[in-house]
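Read the structure below first, then the notes.
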Amino acid sequence: MNSTTAPMVAPAVADDDGRFAIQCEVLRLSIRPIGPVLLAQYLLNCGVAALFAWQYSLSRALVWISLITAVTLMRGFFPQRLPDPFTLQSLRDAQRTHTVRTGIWELAHGLAGVLLFNPGQPEQQLLLGLMLMGMTLSSAFSVSFYVPATQLAITLLLAPVIVTGLWLGAPAMKAVALIGIGLTAMMWKLVAEHSRQLEENIGLRLNERSLREQALAGLRASEQAQAERLRFFSAANHDLRQPVMAIGLQAEVLRQQLDNGADAPVVQHTVASLARAQQALEGLTNQLLEIGRIEAAADPLQPVAVPLAPLLADLARQAGNGRVTVRCPADAVGWADAVSLRRVLANLVDNAVKFTPRGRVLLAVRARQRDTGRAWRVEVRDSGIGIAADSQERVFGDFEQIGNVERNLQRGHGLGLAIVRRLAAQLGIQVSLRSAPGRGSVFGFELPAAPADAPVAAPAPAAQPRSGAAHALRPGLAVLVVEDNAVVADSLSALLQQWQLAPRVYASAAEALALADLRALDVALCDIRLPGALDGIALAERLQRQKPSLAIALVSADIGEATQRLAAERGWHALRKPVQPAELHAVLVQAQQAASGR
């Protein structure tokens, strides 16, 4: 006998996924192969046919057993085929087909109530009625689990003998026919209740399976995420240790050179190596912090109208050397978060410049018309080394550098495009890549055009000019340093003393307020995270109230947009750790100039 394979279920097409899946499972159970049961039923039917052929009519018994043989062959060797996968419509069609097939099956059995009914023998009438009722009780819960099909089967099995018994039967048979009507109603109710319990059990089993699959999927996702985190931190640990090791070695070299009285050019070379290692460490630290902020969604998106031409021109100017050119319509205004968009473009431009040893980088913008409205296609094109097709997905991974197998830190750490991928996901844009080895690369994405009445993004603050030499500062300038980290405090104090300034160093806000002579101070450098009840911002507010002319700079690794806005509103400076000497020097020069102008 043929068997049927359980079809796949596609519950997404149903309005109620759970109900849809249960109905699919009920139908699958209803058409499952039952070869041994069919054979046993057929042999019993042959016995019934032989009994009535002997006691009543051979021809009628042969007609009935022929019908039974036909429907048994239909059910055993030509089973119903279910669609794969199920859809809502195909399920309904399969249910109707199953109901018709079940009705034909039970009608053939029920015709015994007509073909084998002997009007002249009340005993045979009663025997036939009781046998058909027994068939009903035995097959009601095995012929199908689909309620409409089962209820139809019960009706077609009992209806012929009930009608014939009421019409032609003896008084006792009429009573049995009436009992058959009650049995039919009772079986309808029992079938419905049994089906409800079956569907509940199937629902529980499917729910348990779904929960198990979700748990396994969650476990696999957790394991994958854990592996990704381990790989990320392993790569970060490796790249962090490189400049740290270089700094340690160069510091020891510098110490020995000073002990041995080395010439100034030799010492300067060592100092330059230290500076390069420090810059590499700072660059990697900044990128890791940026990835952390992106994944923590620390900077909520604020979509505004962003004029693209001035943004791209500013990025090209910052790239320097005139290698980056811009081709952008003057009316190109995108709709995006200005800060995140600038980060995406800055990383793409930086990546293009690093991997284009010769040639130029082009920032191009052109209009596009989409179903959702006008859009701007932004592309960063370079003529660099290019990327093979099988590596183009990898370049957006963490610490992936296709063209830097030697891990030259001067060409970055492989995090720029990883940052682009994360920012693009936040912005809801998709960054595409077209490239071929030796033929350059084109990174591009589309931005929706800004609505006509949308607020325009404020221009990015201009970069602070680099300060001149240390003699630009007035010797003896009094600088308050409030820093709880002793190493940082000592380093700041040493640098300020090298510039011939007068640092006043304190470890907490309370200590500074209690001991510092505010009247003699010119500048205050306040770390934000300080021990005690007052942090650096609260300290700065008190200092400003007590001496409004005091120049104040907040110093912290946690300088964000909110802190920068607060500093701008209060007239303070904001310096993000690690602070470059040139940045600090520029702030002190500005404070000195402001004091001179008063």
Side-chain angles (χ1 to χ4, degrees), residues 290 293-294 297-353 356 360-383 396 416-435 440-464 560-566 568-569:
E290 184 171 4
R293 292 185 66 84
I294 293 171
D299 303 316
L301 300 181
Q302 297 178 344
V304 292
V306 183
L308 298 179
L311 172 59
L312 297 180
D314 186 45
L315 292 173
R317 183 170 54 255
Q318 290 183 12
N321 299 327
R323 296 183 57 198
V324 181
T325 58
V326 177
R327 190 171 66 207
C328 177
D331 63 340
V333 181
W335 179 250
D337 179 78
V339 175
S340 297
L341 177 60
R342 185 182 185 89
R343 289 177 182 170
V344 169
L345 288 168
N347 279 289
L348 289 176
V349 172
D350 181 65
N351 181 77
V353 171
T356 306
R360 293 182 178 274
V361 175
L362 174 64
L363 307 182
V365 179
R366 59 183 184 273
R368 286 286 183 266
Q369 192 64 39
R370 300 298 182 221
D371 295 338
T372 55
R374 197 181 189 194
W376 296 102
R377 174 74 181 177
V378 184
E379 292 183 344
V380 179
R381 308 175 186 174
D382 66 65
S383 56
F396 291 96
L417 294 180
I419 291 174
V420 167
R421 170 173 56 84
R422 289 173 168 86
L423 287 171
Q426 280 193 343
L427 290 171
I429 61 177
Q430 183 174 1
V431 179
S432 63
L433 169 60
R434 302 194 313 272
S435 185
S441 304
V442 179
F443 291 86
F445 57 88
E446 286 191 4
L447 287 176
D453 57 347
V456 179
Q464 294 292 339
E561 294 180 25
T563 306
Q564 289 176 338
R565 286 195 298 268
L566 174 64
E569 292 171 359

Side chains of [X] and [Y]: does their closest heavy-atom pair fall under 4.5 Å?
{"X": "Arg342", "Y": "Leu311", "result": "yes"}
{"X": "Leu308", "Y": "Leu341", "result": "yes"}
{"X": "Asp382", "Y": "Leu362", "result": "no"}
{"X": "Val380", "Y": "Asn351", "result": "no"}

Supply the atom-to-atom distance [X] [atom1] to [Y] [atom2], rounded to the nearest 0.5 angstrom.
{"X": "Glu446", "Y": "Glu379", "atom1": "CD", "atom2": "CD", "result": "9.5 Å"}
{"X": "Arg343", "Y": "Asp350", "atom1": "CZ", "atom2": "CG", "result": "15.0 Å"}
{"X": "Leu348", "Y": "Ile419", "atom1": "CG", "atom2": "CD1", "result": "11.0 Å"}
{"X": "Trp376", "Y": "Arg368", "atom1": "CH2", "atom2": "CZ", "result": "10.5 Å"}

Check whether any side-chain N or O of Ser441 sits under 3.5 Å from a backbone N or O of Ser435 as a donor-acceptor pair, and report yes or no.
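No, the answer is negative, given that no donor and acceptor are paired below the 3.5 Å cut-off.
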Is there a donor-acceptor pair closer than 3.5 Å between any side-chain N or O of Asp337 and the backbone N or O of Gln302?
yes
Which residue, Val378, Asn347, Val431, Val420, forms the side chain to side chain contact (heavy atoms under 4.5 Å, CB included) with Phe443?
Val431
Of all the heavy-atom pairs spanning Ala316 and Val326, show the shortest one and how long it is.
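For Ala316 versus Val326, the nearest heavy atoms are CB-CG2, 3.8 Å.
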